[in-house]
Amino acid sequence: MIRSRSNPQVRTIRRLRSAHGRRNADLLLLEGTHLATAAAEAGLTLRHLLVTADFRARHAELVDRVEHESGTRATSIDPERLREQADADAPQGIAAIVEPPRTWKTAQSTAPALDPGLHLYADSIQDPGNLGAMARSAEAAGAASLLLSPGTARPSHPRALRASAGSLLRIPLWTDVGVDQLPPDAHCLALTPCSPDPESPRSVPLFSSAGEPMPLSPTDSIILAVGSESRGLSAPLLTRADVLLSIPTDPAVESLNATVAASLALFELRRLLAAELA
């Protein structure tokens, strides 16, 4: 059983709790039953699987399944050591240190090639929880990929991973995608939680009885770009966008949470694309 604070695996967890440590280690810290199971089911490489004796006693079948699917034997860890190093407020008694999914790529050296379908572009979304929740909505809406601009929270952040409920481990993802790297032939629909200028000729309400915001085809690459509540959309993205989407709200509410706005738009666009196929 791991009891020492200087144990190599404990030190690795400690490093992965810091942004600097995550950049240098190129590993993910997954805390809790859901993420550990999702990692094994996704075929990720588990470097270490750590469980407390109490967790194994209460969830022996689950631990056996994760061990079998990942090919990694669980190591017992003192509950206090796991609690000290955990990022979650209430550690569940299981954690995994894994290699990032092979579907995670960076655009620092090459621009992403986007398949036909819907893609979500997070433009300077700095809250890791919002990023994780966006990934969850994107996967649920059938998005083909998640694109992250420079300055967006890192998908390796423990809070982003927890908020995604496993979606970040499954959805194809590109980091550090500059606006100039978005494919020029892709349709770009820009959505800000704060409504854009209604007088702009490119401004279209997302939900409109007049019809869809622009002609959409399931054979096209369609980028839904979402900005943060505080900063909105970046100037280069506003220039690149074909359409500025707005979500009508009560005047008393200045803006929507970025994740809520993204979710509404994702599922409305999914509906419109499905109607094209009908």
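Just so it is clear, the model here is predicted, and its values are computed rather than measured.
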Fill in: Side-chain donor/acceptor of Gln92 to backbone N/O of Thr33, under 3.5 Å
yes

Worksheet item: Distance-only, no hydrogens or angles: does the Thr152 side chain make a donor-acceptor pair with backbone N or O of Ala122 under 3.5 Å?
Response: yes

Item to complete: Let me see the working for Met134 and Ile125 under side chain to side chain contact (heavy atoms under 4.5 Å, CB included), right down to the final yes or no.
Response: CA-CA 10 Å; Met134 282 186 183; Ile125 300 298; 3.8 Å; yes

Worksheet entry | Main-chain N/O of Leu114 paired to Ser221 side chain as donor or acceptor, under 3.5 Å | yes

Discussion item. Strictly distance-based, threshold 3.5 Å: is any side-chain N or O of Glu67 a donor or acceptor partner for the main-chain N or O of Ala74?
Written reply: yes

Worksheet item: Measuring from Asp123:CG to Leu147:CG, what's the distance to the nearest 0.5 Å?
Response: 11.5 Å

Item to complete: For Ser137 and Ser263, indicate whether the former's side chain and the latter's backbone hold a donor-acceptor pair under 3.5 Å.
Response: no

Item to complete: With side chain to side chain contact (heavy atoms under 4.5 Å, CB included) as the test, would you mind laying out the steps for Val177 and Leu148 before giving the verdict?
Response: CA-CA 6 Å; Val177 182; Leu148 311 184; 6.0 Å; no

Worksheet item: How about Val243 and Leu245: do any of their side-chain heavy atoms sit closer than 4.5 Å?
Response: yes

Worksheet item: What's the spacing between Leu264 CG and Leu269 CG if we round to 0.5 Å?
Response: 10.5 Å

Response to the item:
Residues Leu191 and Ala265: closest non-hydrogen pair is CD2-CB, 3.5 Å

Discussion item. Could you tell me if the side chain of His48 sits less than 4.5 Å from the side chain of Thr72, heavy atoms only?
Written reply: no

Response to the item:
The side-chain contact (heavy atoms from CB on, under 4.5 Å) partner of Ile2 among Thr52, Asp78, Leu50, Leu82 is Leu50

Worksheet entry | Distance in Å, Arg23 CZ paired with Ser18 OG, rounded so as to fall on 0.5 Å steps | 8.0 Å

Item to complete: Using modelled atom types only, decide if a donor and an acceptor are shared between the side chain of Arg136 and the backbone of Ser167 within a distance under 3.5 Å.
Response: no

Item to complete: Taking the side chain as every heavy atom from C-beta outward, state whether Arg14 and Arg5 have any pair of such atoms under 4.5 Å apart.
Response: yes

Item to complete: State plainly whether one hydrophobic cluster holds both Val98 and Leu173, where clusters connect Ile, Leu, Val, Met, Phe, Trp and Tyr through side-chain heavy atoms under 4.5 angstrom apart.
Response: yes

Worksheet entry | Common cluster, Ile223/Leu233, ILVMFWY with side-chain heavy-atom separation under 4.5 Å | yes

Item to complete: For residues Leu237 and Cys188, report the shortest heavy-atom separation together with the two atoms involved.
Response: CD1-SG, 4.0 Å

Discussion item. Any heavy-atom pair between the side chains of Arg154 and Asp176 that's under 4.5 Å?
Written reply: yes

Practice prompt. State, yes or no, whether a side-chain contact exists between Asp127 and Arg159 at a heavy-atom distance under 4.5 Å.
Written response: yes

Item to complete: State whether the side chain of Arg73 and the backbone N or O of Leu49 hold a donor-acceptor pair below 3.5 Å, judged by distance alone.
Response: no

Fill in: Pairs meeting criterion ring-ring contact (aromatic ring centres under 6.0 Å, His included) with involvement of residues 93-123, two or more places apart
none

Fill in: Co-membership, hydrophobic cluster, residues Leu273 and Leu224, 4.5 Å side-chain
yes

Worksheet item: Is Glu31 reaching over with its side chain to a backbone N or O of Ile94, donor-acceptor style, under 3.5 angstrom?
Response: no

Worksheet, complete the sentence: In this structure, CD of Glu41 is separated from CD of Glu69 (nearest 0.5 Å) by 5.5 Å

Worksheet item: Taking atom OG of Ser164 and atom CG of Leu131, what is their separation to the nearest 0.5 Å?
Response: 8.5 Å

Item to complete: Quick one: do Thr175 and Lys105 satisfy side chain to side chain contact (heavy atoms under 4.5 Å, CB included)? Show the steps, please.
Response: CA-CA 6 Å; Thr175 62; Lys105 301 176 182 178; over 6 Å; no

Item to complete: With the side chain counted from C-beta on, respond yes when Pro116 and Asp220 share a heavy-atom pair under 4.5 Å apart, and no when they do not.
Response: no

Discussion item. Looking at every heavy atom in both Val179 and Arg240, which two are closest together, and how far apart are they?
Written reply: CG1-CB, 3.7 Å

Worksheet item: Does one hydrophobic cluster hold both Ile97 and Val63, with members joined at side-chain heavy-atom distances below 4.5 Å?
Response: no

Discussion item. To check you understand the geometry: which heavy-atom pair defines the closest contact between Ala258 and Val226, and what is its length?
Written reply: O-CG1, 3.9 Å

Discussion item. Using salt bridge (charged side-chain N to carboxylate O under 4.0 Å, His left out), reason through Glu61 and Arg56 one step at a time and then give a plain yes or no.
Written reply: CA-CA 8 Å; Glu61 185 176 340; Arg56 183 186 281 276; over 6 Å; no

Worksheet entry | Leu169 and Leu28, any side-chain heavy atoms less than 4.5 Å apart | yes

Worksheet, complete the sentence: What one should report as the nearest heavy-atom pair of Trp174 and Ala113 is CZ2-N, 4.4 Å

Fill in: Transitive ILVMFWY side-chain link Phe55 to Ile77, under 4.5 Å
no

Worksheet item: Less than 4.5 Å apart, any side-chain heavy atom of Ser228 and any of Ser124?
Response: no

Practice prompt. Would you check if the side chain of Arg22 reaches a backbone N or O of Leu16 as a donor-acceptor pair within less than 3.5 Å?
Written response: yes

Discussion item. Give me the atom names and distance for the closest heavy-atom approach of Leu168 to Ala160.
Written reply: CD1-O, 3.5 Å

Worksheet item: Quick one: OG1 on Thr103 to CZ on Arg170, what's the gap to the nearest 0.5 Å?
Response: 10.5 Å

Item to complete: Keeping the roles fixed (side chain from Arg102, backbone from Leu44), state whether a donor-acceptor pair exists under 3.5 Å.
Response: no

